[in-house]
Amino acid sequence: MKHKKLKFIFILAFLLTIISTQFAYAQDDVPTDDEVNEVAKGLYCPVCENTPLDVCPTEACKQWRDVIRTQLAEGKTKEEIEQYFVDYYGDRVLAEPPRTGLNWLVYILPPAVILLGAVLLFKNFQAWTKPKVAESVSNQERSDVLSSSKGDSSSANKYISQLEEELKKRN
Amino acid sequence: MLAEFGYGVLVLSFIVTIYSGVAAVFGVRKKSASLIESARRAQLLSFPLISISSLALIYLLVNNHFEVTFVYEVTSLSMPTYLKITAWWGGQAGSMLFWSWLLAAFTSLVTLRKWDRDIEFLPWVIVVSAITLAFFLFMIVFYENPFSRYWLVAGNVVESMFKPTIEAIIFTPENGRGLNPLLRHPGMIIHPPMLYLGFVAYVIPFAFAIAALITGRTDDRWTRITRRWSLWAWLFLSFGLVLGGRWAYDVLGWGGYWGWDPVEIAAFMPWLTGTAFLHSVMIQEKRGMLKQWNMVLIILTYALVIFGTFLTRSGVLSSVHSFANSPIGPYFMGFVSFTLIASVYLLIRRWNDLRSETEMKSALSREALFLLNNLLFISILVVCFWGVIYPLISELVTGFKVTVGPPYYERAAGPLFAGLLFLMAVAPFSAWGHSTLQTLGKAIWKSTLASFILTVILFFTYTQNLYAIIGFFLVALAIFATLHEFWRGTIARQKTQNENFFTALSKLMMRNRRRYGGYIIHISMALMAIGILGIELFQKETQGTVAAGESLNVGDYTVEYRELASWDVPSDDVNYTRAVVDIYENGIYLGQLYPRIDYFYDAEQTMTIPGQRSTFRDDLYILLVDWQPVSNAGATFKIYVNPLVNWLWIGSLLFLFGIIFAAWPEKETEKEKVRVAKSVTQTSAAD
């Protein structure tokens, strides 16, 4: 972990020297904080877990925002700056994994599972709403047996249908 | 001395808990009532034992015993006593003790109930809670011991429970590190216990479900016994989530309440299955259907509770490798897998006994719509679960971490939540058993018309954003439809009972707490949706550095920087830096706000406290980002305008009221049944 941090600081220092040498050329058109934040919003720093760069209060993130500012001043676009950060720190700086390779799973799996659930539910609906005759008889028996053992709940059921009826009439 | 005592009692409680589980199993096997009774008493003993151990820890915390590692990590001399007490759940080891204490308390409450005709559940309820409790106590006793201390061995400080060598002497640091300042906020003091209460309370319905599976008593007895438990569990979990959101809004300084952070999602996932369970269990009670599904839901909820604790406690989120190195991670993983496999095995064994007693008659019946609701909740769960898990999978497979952030969740969850709002509007009007499009349409057209008119007005006066328009329409529909439901129930009762409107309304609600409490919750959810739509779709922000006398503009607001002061408060060990800004709306002076940065010396951490002005229309939320320390010449502010966000908090309050209303104990149930049976002949309303 410490090793990582050191590496990170080194890279930062390196970047800062590049920035400071280039800063002189870019000074006349300094991007506003809002322009910087607009780019920073979509980036996640690898030091602080799950905090977008535009609101991260740490010193490291402040320096990152300065990197963005410099690059904006150089005329780079949002995409170019994002790519720059990806090249240095990996895909984890992006708010979402890029749509490549294994990462497609992120985007495909949930809709697939949900669709499967919906299909299963729909099939069951069909099965439920069109019960086979023989089965429905045995089920009738079953429910008769069961309802005799649960007096209170079946009376509550009657009660409910009565209320529903009542409410329907009054509507 | 006290540390050893506390630890000793803890070990004792661990042994007693194991005994209660084992005795219960043997009691059933040998059909020995006395052995089961012994198990019950052992279970009851675990609570006072863990309480004594916790008291010992609290004593150490309050009295600055920094030789105890845990005390050193979470308290410092400058902290007030109440914070030292709440530091109990402010760190890993303490919070696990707190978890165990709550579980022992809840299990004891259940054990003390009148069992009468449910006596066959008792031993298995004891077994399930004993296994859970024993697992947590095992972790505390062997890996996360809050009583472990610092020792000086040959000039080095080492951590150990007992004297590591003969020459070792206790090492006492002069001051502790202090509780993370972010956790010193009132919201954060209540937030974790609320979440834990919710988490732990779900163990009880799960224990009964497992007892039902083992004993084969698969009728709806277990859901009836645990109905109120799951409602209270849901109450605490919801309250915990809301408090967490409010805390984030007030303290974290990013102008929001929810960031789709894995830690948040860890607490949100059991809430999703818990909410689905609350709905689908009603179908089982009314129609004898979905018994298998309810079992699945309660098992999932329990697994997600443990999984959520695991996610937040094992360090797995920061990296798979830190998880593997953490002493407790693999055990947690093992425990989640064990309970899940065992529960699923039991469920499959009883699968056929859990068949529905009745058939689904119509795809528009209330039970069908409830099923759709369940599908939506589970879909959100799938999205959340996968979003939390995928970065770990990616790290394992490719070696690289990725971030799955808010855009992923928002894109997926947005339409699903919209679907839930729609169901909220429609479902109350569908009847149990059978509904047609015609009956539904007839019931809901008035609300639809009213919502449509309101949306058209909003379109011309407030926003043309398509998402907002759809969202506001659904919110309006849910609120109008629910109010209409109150209305028609009251009118029906008014006519049959000859009561005036308010008597009729209050009696209707009091006699059907769960139903009308549920409707209040629906309305509150719709209100919360207004706040979420507002902040998600219309949030404005700006940031800039200004000198005294200069101003920043955002929306209709102008924020003018006046002055800034920075001072130390030695008694609190904190430095405060406070800016004063004047705020104007369209040129009209509104007053002053004081955004602040607090620096905590003991924890070496800052905390950003926003200056806030809150109205029903929007919140002005100003953060002090930076300042020039010497000259006081300039300061950097970040300013958010968060439209409608107050409705989120208003909705939350109504939400709490709704759940408490629904969960409030009714009069003696037996009497109630007689009364219900009698009143069928009259016509009032039903649960």
Side-chain angles (χ1 to χ4, degrees), chain A residues 1 32-34 36-37 42 44 46 49-52 54-55 57 62 90-98 101-103 105-107 109-111 113-114 117-118 121 124-125 128-129 131 136 139 142-143 146-147 149-150 152-153 155-164 166-168 170-171, chain B residues 219-220 253-255 259 261-262 285-286 288 317-318 357-363 368 371-372 375 378-379 382-383 386 390 394 397-398 400-408 412 431-433 439 442-443 488-489 491-492 495 541-545 606 608 636 673 676-677 680 683 685-687:
Chain A
M1 192 62 207
T32 63
D33 287 352
D34 286 342
V36 172
N37 282 339
Y44 283 73
E49 301 285 326
N50 298 301
T51 313
D54 64 324
V55 290
K62 217 162 130 185
D91 288 340
R92 61 182 305 181
V93 297
L94 297 174
E96 281 187 292
L102 184 72
N103 290 339
L105 276 180
V106 175
Y107 303 98
L109 195 97
V113 172
I114 293 169
L121 189 64
N124 271 319
F125 264 148
W128 281 327
T129 44
S136 75
N139 270 315
R142 264 169 66 88
S143 65
L146 282 157
S147 60
S149 66
K150 316 185 290 183
D152 53 83
S153 81
S155 71
N157 271 339
K158 245 186 256 163
Y159 185 58
I160 290 145
S161 45
Q162 192 178 336
L163 171 79
E164 298 287 356
E166 187 67 29
L167 290 174
K168 248 182 259 166
R170 286 182 194 279
N171 218 22
Chain B
D219 58 352
D220 56 4
W254 34 263
D261 184 277
E285 285 172 19
K286 302 275 188 250
L317 290 173
S318 53
E357 293 158 28
T358 47
E359 295 287 337
M360 181 85 65
K361 289 201 186 77
S362 138
L371 266 182
L372 270 183
L375 176 70
I378 297 304
S379 300
V382 168
V383 169
W386 190 234
Y390 182 75
S394 164
V397 176
T398 64
F400 294 106
K401 276 208 78 166
V402 290
T403 307
V404 178
Y408 161 83
W432 294 107
T439 54
K442 218 170 151 189
R488 62 177 195 159
I491 297 295
K495 286 191 179 151
E541 59 171 276
T542 189
Q543 182 178 321
T545 306
T606 56
T608 315
T636 308
K673 276 175 197 158
V676 168
V680 173
T683 309
D687 189 354

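Convention: sequence-line order gives letters A, B, ...; per-chain numbering from 1.
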Greatest number of non-hydrogen atom pairs under 4.5 angstrom with chain B, of A:L109, A:T32, A:V36, falls to A:L109
Side chain from CB out, backbone as N, CA, C, O: work out which of these in [X] comes under 4.5 Å of a heavy atom of chain B, or both, or neither.
X	answer
A:D34	both
A:V106	both
A:L94	backbone

Which value, rounded to the nearest 0.5 Å, describes the distance between [X] atom [atom1] and [Y] atom [atom2]?
X	Y	atom1	atom2	answer
A:D54	B:Q543	CG	CD	8.5 Å
B:T542	A:D33	OG1	CG	8.0 Å
B:I378	A:I114	CD1	CD1	10.5 Å

Item to complete: Please assess B:V402 against A:Y44 for the test side-chain contact (heavy atoms from CB on, under 4.5 Å), listing each intermediate value before the final yes or no.
Response: CA-CA 10 Å; B:V402 290; A:Y44 283 73; over 6 Å; no
For a quick test of reading the model, state the closest non-hydrogen atom pair linking [X] to [Y] and the distance between them.
X	Y	value
B:V382	A:P110	CG1-CA, 3.9 Å
B:W386	A:L105	NE1-O, 3.0 Å
B:K401	A:R92	O-CB, 3.2 Å
B:L375	A:G117	CD1-C, 3.7 Å

Need one label for [X]: side chain, backbone, both or neither, based on atoms under 4.5 Å from any heavy atom in chain A.
X	value
B:F400	neither
B:L372	both
B:T398	side chain

So, does B:T403 use its side chain to make a donor-acceptor pair with the main chain of A:V93 at under 3.5 Å?
no
